[in-house]
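Presented below is the structure to which this report refers.
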Amino acid sequence: MAEEPWNRVNIAFPGAVSCVRVHFNSTTDASVKSLLVENGKVLQLLRSEILQTEVRVLYELLYILNNSYRGNKTFKGLKQVEQCINRLKNMKLDVALQDLTELCPNRIQRGLSITAGVCELPSQPMLEWLCLKVLGAAKLMSCTLNRCSRTFSDLCFRLTKQQMKWEEFIILNMVITSLLSRLWVISRGILVSLSSLYQQLLELLRQVADAQPMPFLTASPCQQICFSSWVLLMPYY
C-alpha cells in the first residue's frame, strides 16, 4: 500500500510561489484573523514548557528502565508513546506554522489591504501543504491518546492485581500513570486545537483557490470532511 501524503514525516514542499495577490475584503479579513488566532493556539501548545517538561520526564524514565524493564509490556507502551512524540518533533510542524504566521498579513496590513482591495496571502499550494501537515499531526495526536490509554489501563491492571505488595513498584507505577495522564491531557488539547486550525485553513484555502487556482495535490485530502471521524477512522502506519 502506497503511503498517504499526510502520513509522511517530510512532506515535499510545493515548488511554487508561497504567496499570491488576491482580492481582499472584510470576509477575507475575518478568515485570516481567525486563522491566525487558531494558529497561535497550536503554536503555544507545541512550544509550551509544560509539554517540554513532560517529554523530558518520559525520556528520563525510559533511560532508567531501559535495562531492567526492556521486555516489560509497560515499557513497550512508553516506547510507543515516545515514537509518536519523536515523529511529531521530526515533522517540524511548529516551523511550518510559524512560516504561516509570517506569510499572513498582520492587523495593520489587513486594514490597508481592505482599503486597497488587494492583499498578498498564502498560495493554494502552500495552504494545501499545511493542511497535509495538520492532518498528519492530528493523526499522530490521536495515536498518542490511544497508546497512552492502553498503557495506562494495562498498568492499572497490573498495579491492582499483581504488585500491591511491592512498595517500590507501586511508587514507580504511580509515577508512570501520572505521566501518561498528563501526556493524554496535553495531546488531547493539541488535537482539539488542530481541528479548529484545519477548519480555518480550509476556509482560507477555498477563498484563495477561487481567486488564484494553483492546485498542488491531484487527489487532495484537503476537503471539507468530518475531522473527528477522519482522525478516528484513518489508519496510521
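Residues Leu46 and Leu88 meet the side-chain proximity criterion, which asks for heavy atoms closer than 4.5 Å. Side-chain contact between Pro105 and Val32: present, with at least one pair of heavy atoms (C-beta onward) separated by less than 4.5 Å. A 4.5 Å side-chain heavy-atom check between Met91 and Leu140 finds at least one atom pair inside the cut-off. Contact of the Leu45 side chain with the Leu51 side chain is not registered, since no non-hydrogen atoms from C-beta on lie closer than 4.5 Å. Side-chain contact between Leu197 and Leu35 is present, with at least one heavy-atom pair separated by less than 4.5 Å. Side chains of Asn106 and Leu36 form no contact here, defined as non-hydrogen atoms less than 4.5 Å apart.
Judged as a salt bridge (charged side-chain N to carboxylate O under 4.0 Å, His left out), the pairs with a partner in residues 20-29 (not counting sequence neighbours) are, in order, Arg21-Glu120, Asp29-Arg110.
The local environment of CZ in Arg182 is crowded, with over 12 non-hydrogen atoms from other residues, nucleotides or ligands closer than 6.0 Å.
Remark: Glu49 engages Thr53, Arg56 in a side chain to side chain contact (heavy atoms under 4.5 Å, CB included) (not counting sequence neighbours). Taking the salt bridge (Lys or Arg N to Asp or Glu O under 4.0 Å) definition, one finds that Glu60 meets it with nothing, sequence neighbours left out. Partners of Lys33 by side chain to side chain donor-acceptor pair (under 3.5 Å), not counting sequence neighbours: none found. Residues satisfying the side chain to side chain contact (heavy atoms under 4.5 Å, CB included) test with Gln98, not counting sequence neighbours, are Leu43, Arg47, Thr101, Glu102. Applying the side chain to side chain donor-acceptor pair (under 3.5 Å) criterion to Thr28, with sequence neighbours excluded, gives Asn25, Gln207.
Put simply, the side chain of Thr177 gets close to the backbone of Met174: a donor and an acceptor are under 3.5 Å apart. A donor-acceptor pair under 3.5 Å links the side-chain atoms of Ser178 to the main chain of Val175, judged by distance alone. A distance-only check finds a donor-acceptor pair linking the side chain of Ser31 to the backbone of Thr27 [under 3.5 Å]. Judged purely by atom type and a 3.5 angstrom limit, Asn66 has no side-chain atom pairing as donor or acceptor with the backbone of Leu62. Of the possible donor and acceptor atoms, none in the side chain of Ser142 sits under 3.5 Å from a partner among the backbone N and O of Ala138.
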